> 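One structure, as structure tokens, below. Some questions next.
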Protein chains: 2
Amino acid sequence: MKNSDLCEIKCIHEDAVKQVKSEMLHETTFQKISEDFKILGDKTRIKILYALSKKELCVCDLSSIMGMTDSAVSHQLRLLRKSNMVKFRKEGKMAYYSLVDDHVVQLIKMGQEHAQE
Amino acid sequence: MKNSDLCEIKCIHEDAVKQVKSEMLHETTFQKISEDFKILGDKTRIKILYALSKKELCVCDLSSIMGMTDSAVSHQLRLLRKSNMVKFRKEGKMAYYSLVDDHVVQLIKMGQEHAQE
DNA sequence: TATTCAATTGAACATTTATTCATATGAAAA
DNA sequence: TTTTCATATGAATAAATGTTCAATTGAATA
């Protein structure tokens, strides 16, 4: 009995499965990648990141731009900080937020291209 | 009274807000972008896409690679089809899935780079 | 034709998640 | 010091989401 027959019987292409399995990344890598994309998978956060790519802004500026409450924006900023996408500096009562690097901008740009196809 | 004073009083940097507002994309654009990223924001779907980037595979192959039920995989494939990331061809009882283009692969690669920082 | 099998689908369930509201913090102004 | 204001936080709620289980479809095979 050939290997390929076995595959058919079990409804699995063993060679293909084995090959692809060996090429898969580590579980934690997939985890991290998907966590980052999950952060980008929300309209509010994408808008915040896009706004910050244009200019450093404080929370109430962002709230005004987004048309949302300070609280809602602040909650999202917390997530963005946690995932290392934005940083901030305090000046008196105000907190000025900006992007950590332009990696996110590149990702959004690519996403935009795909969305517009 | 200066404009900048007004800004401070209202806790809004009017000029910055006005400028950034004018540079924002359309609501539907942000919507589309975030929807695409939301699809990538799940470990199961990232793994499926990564596997398909290596080889065309049928549902049961994917199930075996993922260590999940056919049903769970099929549900996710439906979402991936809906968001135009994967396509499939039928051959008898089997359905062979593959990526629509390598756009997704590029995104995952970029996400991977960011995740590894 | 009846059966088998790969794949799909729908409903149910548990979990996650985004926003709201109320409250707390902490710095500047009165 | 007391008040005001920008921001942050916690709890609560409603909505969305991923997986499971049971049932269905449709094509090949017996």
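Just so it is clear, the model here is predicted, and its values are computed rather than measured. Proteins come first, then strands; the chains are lettered A, B, ... in the order of their sequence lines, and each starts at number 1.
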> State, yes or no, whether a side-chain contact exists between L40(A) and D36(A) at a heavy-atom distance under 4.5 Å.
no
> Has Q76(A) got a side-chain N or O lying under 4.0 Å from the OP1 or OP2 atom of dT17(C)?
no
> According to a hydrophobic-cluster definition based on side-chain heavy atoms being under 4.5 Å apart (Ile, Leu, Val, Met, Phe, Trp, Tyr only), do L99(A) and L62(A) belong together?
yes
> Enumerate the residue pairs fulfilling ring pair (Phe, Tyr, Trp, His ring centres under 6.0 Å) with a member in residues 31-67 of chain B, sequence neighbours excluded, ordered by first and then second residue.
F30(A)-Y50(B), F37(A)-F37(B)
> Do L25(A) and I65(B) sit in one hydrophobic cluster, given that two such residues count as connected whenever their side-chain heavy atoms are within less than 4.5 Å of each other, even indirectly?
yes
> So what does A72(A) hit on the nucleic acid, given a heavy-atom distance under 4.0 Å: a base, only sugar-phosphate, or nothing?
base
> Identify, residue by residue, the members of residues 41-56 of chain B with a heavy atom below 4.0 Å from DNA chain C, and return them in order of residue number, or none.
none
> Rounding to a whole Å, what distance do you find between M94(B):CE and dG26(D):C1'?
15 Å
> Give me each pair satisfying salt bridge (Lys or Arg N to Asp or Glu O under 4.0 Å) with a member in residues 72-88 of chain B, each pair once, sequence neighbours excluded.
none
> With sequence neighbours left out, write down each residue that passes side chain to side chain contact (heavy atoms under 4.5 Å, CB included) with S71(B), or none if nothing qualifies.
T69(B), H75(B)
> Can you list every pair that meets salt bridge (Lys or Arg N to Asp or Glu O under 4.0 Å) and has a residue in residues 39-53 of chain A, with sequence neighbours left out?
K43(A)-E27(B), K47(A)-E27(B)
> Using atom names, set out every protein N or O paired with an N or O of nucleotides 10-13 of chain D below 3.5 Å, distance rounded to 0.1 Å.
unit_1: dG10(D); atom_1: O6; unit_2: H75(A); atom_2: NE2; d: 2.7

> Could you tell me whether the phosphate oxygens of dA7(C), OP1 or OP2, come under 4.0 Å of any side-chain nitrogen or oxygen in S74(B)?
no
> Between P on dT4(D) and CG on D70(A), what's the gap in Å once rounded to a whole number?
18 Å
> According to a strict under-4.0 Å criterion, is Y97(A) in side-chain N/O contact with OP1 or OP2 of dA6(D)?
no
> Quickly work out the M68(A) CE to dC21(C) C1' distance and round it to whole Å.
14 Å
> Suppose we screen for salt bridge (charged side-chain N to carboxylate O under 4.0 Å, His left out). Which residues come up paired with K38(A), at least two apart in sequence or across chains?
none
> Measure from the side-chain N and O atoms of D61(B) to the backbone N and O of I12(A), and report whether any donor-acceptor pair falls under 3.5 Å.
no
> Identify, with sequence neighbours excluded, every residue that meets side chain to side chain contact (heavy atoms under 4.5 Å, CB included) alongside K93(B).
none
> Report the distance from atom CG of L40(B) to atom C1' of dT17(D), rounded to the nearest whole Å.
16 Å
> So what stems show up for DNA chain D if we need 3 or more Watson-Crick or G-U pairs in a row, all under 3.5 Å?
C:1-30 with D:1-30
> Only counting residues at least two apart or in another chain, list the ones meeting salt bridge (charged side-chain N to carboxylate O under 4.0 Å, His left out) with E91(B).
R89(B)
> Rounded to the nearest angstrom, tell me the gap between atom CE in M66(A) and atom P in dA18(C).
12 Å
> Would you check if there is a donor-acceptor pair between the side chains of Q106(B) and D102(B) at a distance under 3.5 Å?
yes
> I need the residues from residues 86-93 of chain A with at least one non-hydrogen atom less than 4.0 Å from DNA chain C; give them sorted by number, or say none.
G92(A), K93(A)
> Expressed as a whole number of angstroms, how long is the span from K38(A):NZ to dT15(C):C1'?
11 Å
> My understanding is that only residues two or more places apart in sequence, or in another chain, count here; which of them pass salt bridge (charged side-chain N to carboxylate O under 4.0 Å, His left out) with K55(B)?
none
> How many whole angstroms separate atom CG of L80(B) from atom C1' of dT17(D)?
14 Å
> Assigning hydrophobic clusters by single linkage (Ile, Leu, Val, Met, Phe, Trp, Tyr; side-chain heavy-atom cutoff under 4.5 Å), is L79(B) placed with V100(B)?
no
> Tell me: CG of L57(A) to P of dA6(D), nearest whole Å?
16 Å
